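Some notes on the structure that comes next.
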Amino acid sequence: MNSRIIGTGSYLPARIVPNSELEHSMETTDAWIRERTGIERRHYAAEGETTVDMAEQAARRAIEAAGIQPTDVDLIVFGTTTPDLVFPNAGAMLQARLGCRGGAAFSVEAACSSFLYALSVADKFVRAGEAKRALVVGAETLTRITDFSDRTTAILFADGAGAVLLEGSEEQGVISTHLHADGSYQNLLYCTGGISKGYEPGTGNRAFIRMAGREVFKIAVTMLGNVVDEVLAANHLQKSDIKWLVPHQANIRIIQAVARKLDMSMDNVIVTVQDHGNTSAASVPLALDRGVRDGRIKKGDLVLLEAFGGGLTWGAALVRM
Ligand code: UT7
């Protein structure tokens, strides 16, 4: 038994914030942001709009694309680092919205790699016959943990949601997943506060993203290069066998480095970072949905998904669409 992606969906909140708007509130320029990151604009959730609100929109679109009913979903694995509440978990909250009661529903927290982690977990449930149709979500409201007084991170992060529907199938689908973490790098990219550890004095019990960008950049390029090699070796593939790269959308320069590693033209890379910045767990399913809906990614194509984030965590998945 394999698990196959039978539908994709995504959602971006209505408010679009171009680089030019950030020029007014911090010492930055549209030119710097474009050149160093590739980002041109991003979407911010409305006041009161939550991670689960956005996930519901993306999930409904994936369910519709799959041609099934919400009640057909018997597993939800929800990748996020910005859940609405400590509990109920975001998966259970989404389950209630969709009205598909009774199956397992839980969240997976691995920062920007959360969607890849969630996909890997859901794939194993389906392969084991413990779920027939699994909804896998990546959704974030990163603006709620963004420090808008820190220009080195504030220009990067944004909000959004993406989802895929996995179904048990005899056909090839998710071929292999490769997950990694190295917690010894945790101080390079982290959030300053949380329930158990508490909050830094002077933050008004708020938590903010901190990142040593240059260091994270270098490790991301190395580790993503390694995981690409791992995927090819594990599946006895040549670089040229991969039709599409669907990368985590953190920085165009990291995406280009991975494409170079694959000897791949940027024409075969789904790039959305210019339109929504770094949406963490949401970025891979957002890009996948874009590629599927605009007709570039077709049934039967071999697609490599990859992501890298806080933890540090990283991973990849090889998928036959
Ligand atoms: O998704 C999770 C994983 N995260 C990532 O993959 C992010 C990895 N890191 C990056 O994408 C890049 O390191 C950044 C985009 C965060 C930064 O780009 P960089 O080319 O590494 O810049 P830098 O940190 O080396 O800074 C270069 C200069 C500095 O000035 P000096 O020291 O050279 O005078 C910064 O102060 O750019 C300055 N700078 C800015 N200037 C204008 C930093 N942020 C800004 C800004 N606007 N927003």
Side-chain angles (χ1 to χ4, degrees), residues 17-42 79-82 109-117 138-143 145-160 162 179-183 185-191 208-228 245-259 261 269 271-274 276-287 305-316:
V17 178
N19 292 344
S20 56
E21 194 174 322
L22 299 182
E23 286 178 337
H24 300 301
S25 56
M26 62 191 79
E27 209 178 307
T28 193
T29 60
D30 172 48
W32 190 94
I33 301 172
R34 278 175 198 254
E35 190 185 315
R36 305 312 296 168
T37 73
I39 299 168
E40 297 171 18
R41 62 195 74 81
R42 73 282 289 139
T80 187
T81 307
T82 48
E109 178 218 331
C112 301
S113 311
S114 296
F115 177 78
L116 262 299
Y117 271 62
E140 304 275 14
T141 39
L142 283 191
T143 52
I145 54 168
T146 299
D147 179 355
F148 285 97
S149 69
D150 173 14
R151 69 173 183 171
T152 68
T153 53
I155 51 130
L156 302 171
F157 299 115
D159 305 326
L179 303 182
H180 296 283
D182 187 340
Y185 289 122
Q186 61 191 275
N187 291 334
L188 296 182
L189 176 51
Y190 65 97
C191 190
F208 296 111
I209 301 169
R210 297 281 179 255
M211 178 167 72
R214 216 174 302 182
E215 286 78 0
V216 170
F217 187 102
K218 283 188 210 142
I219 300 170
V221 169
T222 304
M223 297 311 185
L224 289 173
N226 291 347
V227 84
V228 163
L245 175 64
V246 181
H248 173 43
Q249 312 283 325
N251 187 317
I252 188 68
R253 293 181 293 136
I254 298 177
I255 296 171
Q256 287 163 341
V258 178
K261 175 88 192 176
V269 184
V271 180
T272 54
V273 67
Q274 69 282 358
H276 58 63
N278 187 340
T279 58
S280 183
S283 87
V284 170
L286 269 165
L305 316 177
E306 50 87 340
F308 185 91
L312 294 173
T313 56
W314 62 98

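Computed from a predicted structure; not experimentally measured. We count ligands from 1, going down the list as the structure has it; atoms in each ligand are counted the same way.
- Judged by distance alone, the side chain of Ser114 and the main-chain N or O of Ala281 form no donor-acceptor pair under 3.5 Å.
- No donor-acceptor pair closer than 3.5 Å links the side chain of Glu40 to the backbone N or O of Pro18.
- If you look at Trp32 next to ligand 1, the close heavy atoms, those under 4.0 Å, all belong to the side chain.
- Less than 4.0 angstrom separates atom 9 (N) of ligand 1 from at least one non-hydrogen atom of the protein.
- With distances taken over non-hydrogen atoms, the option nearest atom 48 (N) of ligand 1 out of Met26, Gln249, Arg36, Arg151 is Arg151.
- In the vicinity of Met211, heavy-atom distances shorter than 4.0 Å reach the ligand 1 atoms 4 (N), 7 (C), 16 (C).
- Near Thr37, meaning under 4.0 Å from any of its heavy atoms, are these atoms of ligand 1: 15 (C).
- For the 3.5 Å distance criterion, the side chains of Ser283 and Gln249 fail to qualify, holding no donor opposite an acceptor.
- The single protein non-hydrogen atom nearest to atom 25 (O) of ligand 1 is Arg214 NE, 2.7 Å, given as residue, atom name and distance.
- Taking atom 18 (O) of ligand 1 as the reference point, the nearest protein heavy-atom neighbour is Arg253 NH2, 3.5 Å.
- With respect to Asp159 and Arg42, no salt bridge is recorded, no charged nitrogen being found less than 4.0 Å from a carboxylate O.
- Between Gly213 and ligand 1, at least one pair of N/O atoms sits closer than 3.5 Å.
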Query - Full working for side-chain contact (heavy atoms from CB on, under 4.5 Å) between Met211 and Leu156 - result: CA-CA 11 Å; Met211 178 167 72; Leu156 302 171; 3.4 Å; yes
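- Nearest protein heavy-atom contact of atom 2 (C) of ligand 1 is Cys112 SG, 3.3 Å.
- The closest heavy-atom contact to atom 1 (O) of ligand 1, among the options Thr313, Leu156, Asn278, comes from Asn278.
- Here the protein heavy atom with the shortest distance to atom 11 (O) of ligand 1 is Asn251 ND2, 2.7 Å.
- Not one N or O on the side chain of Asn278 forms a donor-acceptor pair closer than 3.5 Å with the backbone of Ala158.
- No side-chain donor from either of Glu109 and Thr81 sits under 3.5 Å from a side-chain acceptor of the other.
- For atom 13 (O) of ligand 1, the nearest protein heavy atom is under 4.0 Å away.
- Within a 6.0 Å sphere centred on CZ of Phe217, other residues, nucleotides and ligands contribute more than 12 heavy atoms.
- Smallest separation of non-hydrogen atoms from Thr153 and Ile209: OG1-O, 4.3 Å.
- For atom 23 (P) of ligand 1, a protein non-hydrogen atom is found at a distance below 4.0 Å.
- For the pair Phe157 and Leu142, the tightest heavy-atom approach, listed with the atom from each and the gap, is CD2-CD1, 3.5 Å.
- Under the 3.5 Å distance criterion, the side-chain polar atoms of Thr37 are matched with a main-chain donor or acceptor of Ile39.
- Using modelled atom types and a 3.5 Å distance limit, the side chains of Thr279 and Glu140 yield no donor-acceptor pair.
- The closest protein non-hydrogen atom to atom 5 (C) of ligand 1 is Val216 CG1, 3.8 Å.
- Considering Thr28, Leu142, Thr152 only, the shortest heavy-atom separation from atom 46 (C) of ligand 1 involves Thr28.
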Report task. Show your working on side-chain contact (heavy atoms from CB on, under 4.5 Å) between Arg41 and Asn19 and close with a plain yes or no. Result -> CA-CA 6 Å; Arg41 62 195 74 81; Asn19 292 344; 5.8 Å; no
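- Per-atom contact check: atom 30 (O) of ligand 1 does not touch the protein, criterion being a heavy-atom distance below 4.0 Å.
- When only interatomic distances are considered, the shortest N/O to N/O separation between His248 and ligand 1 falls below 3.5 Å.
- The side chain of Ile254, and not its backbone, has at least one atom closer than 4.0 Å to an atom of ligand 1 (non-hydrogen atoms only; side chain from C-beta on).
- Note that atom 40 (C) of ligand 1 has protein non-hydrogen atoms nearby, at separations under 4.0 angstrom.
- Applying the 4.0 Å criterion to heavy atoms of Phe308 picks out, from ligand 1, the atoms 1 (O), 2 (C), 3 (C).
- Here Ile33 has no heavy atoms under 4.0 Å from ligand 1, in either its backbone or its side chain.
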